[in-house]
Amino acid sequence: MNYLDGLNAMQLKAVTHKEGPLLVIAGPGSGKTRVLTMRIAHLIDSGVAPWEILTLTFTNKAAKEMKERISKVVGNAANQIWAGTFHSIFAKILRVEAPKLGFPSNFSIYDPSDVKSALSEIIKSQGMDIKTYTPNDIYHKISMAKNLIINPEKYASDGERLLKDKQDGMPYIYKIYDLYVKKLQRSGAMDFDDLLFQMHRLFKENPDQVLEKYRKKFKYILVDEFQDTNSLQSEIIKFLTKFPESPQNICVVGDDAQSIYAFRGATIQNILNFERDYPGLTIYKLEQNYRSTHHIVQAANDVIAKNNRQIRKVIFTEKGVGEPIQVLKASSDNEESRMVVSKIMELKLRNHLSNQDIAILYRVNAQSRVFEESLKNMRIAYRIFGGTSFYERKEIKDVVSYLRVVANPDDEEALKRIVNYPTRGIGDTSIAKLSEIAEKNALSLWNIMMKMNHFDLGISARTQKSIQDFINMIHVFQRWAQEFDAYEVARRVVKSTEIIEDLNKEKTPEAQGRVENVQELLDGIKTFTEEDNAEFIVTEIQDKSLSSYLQNIALVTDADKDQNDQDTVKLMSVHAAKGLEFKAVFVTGMEENLFPSQMAIRSVDSRSAIDEERRLFYVAITRAEHHLYLSYASSRYRFGKMQYNSSSRFLEEISENCFDQIPISTKSVVTGAKLGPKPAVGLHKPATLPQGVEIKASPVQMILPGVFVLHERFGKGKVLQLDGKIDNKVATIIFEAGVGEKKIMLKFAKLQVVD
DNA sequence: GCGTATTCCATTTTT
DNA sequence: TGGAATACGC
């Protein structure tokens, strides 16, 4: 079968478009990945060498998937395509070119926790107040600066920026930025933003030797999820594609309506200005949705129509009207989770869905906990994506830090982590003294440790001996690294540092889990060294060294995990769900201050922040193929405190005809409660009430002991007792039909008095 | 210098 | 609520 078969007219045009810039606006479910992969296959089929194609995606997984799909058409050639995330591709190039920028080729990559730790050290050493200058804020500001291509010198001379910092009560950020950059340089380390920033610098400072080479190399460039790129990324692409005689074979695919990373510096201006940047641009819009049924598509269109500033398009589907969207109203986060899970049971039993067809989405990862509990109770297999990932676990970071120090001993964050773990008598004060000298002499901590007898440090002879032993040990490890592959080095390092033994000292099940994690890490390294894996190609050579491995794991995230490995219900943030689809989707926590987030509502530029939340909601809705549920809880625990929120404004933006019932009865009145039945009680047992019978809530005053009431879920029952004060009355009600006794808060419940 | 108790602090999303 | 910085006793 020909790979072009089955494409619609627009898709076909985009796939077969020849030379020159191309922008494909691809609505959700419009076959975007298909277009991208078939376009690449088509290029190779028409004679373009695979290594001349550069494809930049948002996740490693997307790149991997793409390669797999392309190889189905063109075979092994697909493995020679340069495909990966901006960060991973640039890291590969920088591994070759870093010396030109004054970095070692085995530079370390700092993750956000390394960055924050480095920043707080700087802040403290400058005598600044860590509570005023919080590492989080500083990191964000520095990150934004880098993404706008502002280096420390430029920052320090940017009056507007300085004024802004002053107003925020942090006038010395420019100073911290400068020291931070110097610290990274000394440590031979780059943070995530640097992988882009230094790449840009590389091209800018080496137009002849370097930029020219890559311009020649990458004849075709494709960018996925273009709406989530920042100015820095866009400038790098311009470096590669905008020059005299350039064929400008740049194809970007995106959807401004799905831009959800503005908080990280992404700007839809990149899409909106693309035509200006590339005159002669061809634009195709993919508006047919092949994923979802009509109600879902309409809801998505309704929601996004509220946003300003966008490329207008209307998504349509031919998949039929489909199921109405259901709203689940809960009185608490716990109840919300029980309702969601009982709906999952229903989907499985009534609609014969499998676990893997179902996703629970939320705005923040912290929401996952309650769902986890309810799923466990009902013995439904699930898997959580995001949150603290494997590589963020302490024991894993410790082992990885050893490896980082072996590959690059100047890596100060890794060094500080392990210099006294397991404890070997090198304490904080000694390290602080050494750090100070290092800072003064603009040398790395490791460097000063090696030269410590040249200084009068006031470190005891005993400690100096410990330090010397540590240095010797690292030297041994480094010799191993020259001799053995990554796995063998790691295995030996773990063994001789006695990390496992240290973990085993603690005889708790958690400690046991940590030991298993370390073992899993070693297994992962083994796989890395054994597998013939095209992803780890650096300039067309397989690289299985320790630093290659380290670079790889630094850029791997949860999103890269295989989603379909097991038959599990998937739990993840809406951000993490981008690009995925499920037969049934639950969008949870549909409340003001959560979705949209409080941050967005209170932001200085609230309107555009809410717009981004709305795009996020749009992404969430459009993950669903057939069944969409929107749930909210009128109260939930946050910070260990109860918080009360009204339902999300977004719910009211969807046309009523999409729902099976009107989502919000009265604005001020809080929801009707369904204190979910205990899991053991058959959920799928039909409710005592015939379906469709609406309950008319009776005034609270009428609910008195002895009266009979109807509850929308539990059916008929008798009020036994009333407790609590005026507006917090709790009724104890015995229900018929095996439901039993329940305590129900009157302010939430919808109860109708009957005879 | 080490280990544990205590307090304190924050929570948006992630390459 | 729970993880991380800090304080304190050894």
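So that the names make sense, note that chain A is the first sequence line, chain B the second, and so on, each numbered from 1.
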- request: Hey, which sits more toward the 5' end of DNA chain B by its nearest nucleotide, A/Thr463 or A/Glu612?
  value: A/Thr463
field: Atom pair CG/CD of A/Asp228 and A/Gln233 - distance to nearest 0.5 Å
entry: 9.0 Å
- prompt: Is the number of heavy atoms from other residues, nucleotides or ligands within 6.0 Å of CG (A/Asn151) greater than 12?
  reply: yes
field: Sugar-phosphate only, base, or nothing, as touched by A/Phe58 at under 4.0 Å among non-hydrogen atoms
entry: sugar-phosphate
message: By the 4.0 Å heavy-atom rule, please label A/Tyr261 as base, sugar-phosphate, or nothing.
response: sugar-phosphate
- prompt: Contacts to DNA chain B from residues 111-139 of chain A, heavy-atom cutoff under 4.0 Å, which residues?
  reply: A/Lys131, A/Asn136
message: With rounding to the nearest 0.5 angstrom, report the CG to CG distance, A/Leu434 to A/Leu445.
response: 6.0 Å
query: Does A/Glu436 CD have over 12 foreign heavy atoms under 6.0 Å away?
result: no
- prompt: Could you state the CZ-C1' distance from A/Phe385 to B/dT15, rounded to the nearest angstrom?
  reply: 17 Å
message: Could you go through A/Glu372 and A/Arg369, starting from their C-alpha distance and side-chain angles, then the distance that decides it, and tell me whether this counts as salt bridge (charged side-chain N to carboxylate O under 4.0 Å, His left out)?
response: CA-CA 5 Å; A/Glu372 221 185 328; A/Arg369 262 190 58 190; over 6 Å; no
task: Specify the residue among A/Gly427 and A/Val364 whose closest nucleotide of DNA chain B lies further upstream toward the 5′ end.
output: A/Gly427
field: Shortest side-chain distance from A/Ser573, nucleotide among B/dT14, B/dG3, B/dT15
entry: B/dT14
message: Ignoring hydrogens, what is the shortest heavy-atom contact between A/Ser331 and A/Ser635? Give both atom names and the distance.
response: O-OG, 2.6 Å
message: Tell me the interatomic distance from A/Met572, atom CE, to B/dT14, atom P, rounded to whole angstroms.
response: 11 Å
message: Rounded to whole Å, please give me the gap between CG in A/Leu195 and P in B/dT14.
response: 19 Å
- prompt: Looking only at side-chain N and O atoms, does A/Asn365 come under 4.0 Å of OP1 or OP2 in B/dT14?
  reply: yes
message: Among A/Val399, A/Leu503, A/Ile396, exactly one meets side chain to side chain contact (heavy atoms under 4.5 Å, CB included) together with A/Asn517. Which residue is that?
response: A/Ile396
message: Considering every strand and a 4.0 Å limit on heavy-atom distances, what is the contact class for A/Ser88: base, sugar-phosphate, or nothing?
response: nothing
- prompt: Does one side chain, of A/Tyr214 or A/Glu97, offer a donor that lies under 3.5 Å from an acceptor on the other?
  reply: yes
- prompt: A/Asn60 has an atom CG; how far is it from atom C1' of B/dT14, in whole Å?
  reply: 13 Å
A/Lys465 NZ: over 12 foreign heavy atoms closer than 6.0 Å: no
Length of the CD1-C1' vector between A/Ile601 and B/dT13, whole Å: 15 Å
task: Can you tell me the distance, in whole Å, between the CG atom of A/Leu56 and the P atom of B/dT15?
output: 16 Å
query: Which is true for A/Arg638 with a 4.0 Å heavy-atom rule: it touches a base, it touches only sugar-phosphate, or it touches nothing?
result: nothing
field: Given A/Phe86, A/Tyr261, A/Phe226, the one that forms ring-ring contact (aromatic ring centres under 6.0 Å, His included) with A/Phe58
entry: A/Tyr261
- request: Considering only heavy atoms of chain A and a distance under 4.0 Å, specify the first and last nucleotide of DNA chain C in 5' to 3' order that meet this criterion.
  value: C/dT1 to C/dT6
message: Just N and O in the side chain of A/Asn420: are any of them under 4.0 Å from OP1 or OP2 of B/dC2?
response: yes
Rounded interatomic separation in angstrom, taking CG from A/Leu616 and P from B/dT14: 10 Å
query: For A/Gln233 and B/dT15, what is the distance between atoms CD and C1' respectively, to the nearest whole Å?
result: 8 Å
field: Candidate nucleotides B/dT15, B/dT13, B/dC2, ranked by approach to the side chain of A/Arg264 - the nearest
entry: B/dT15
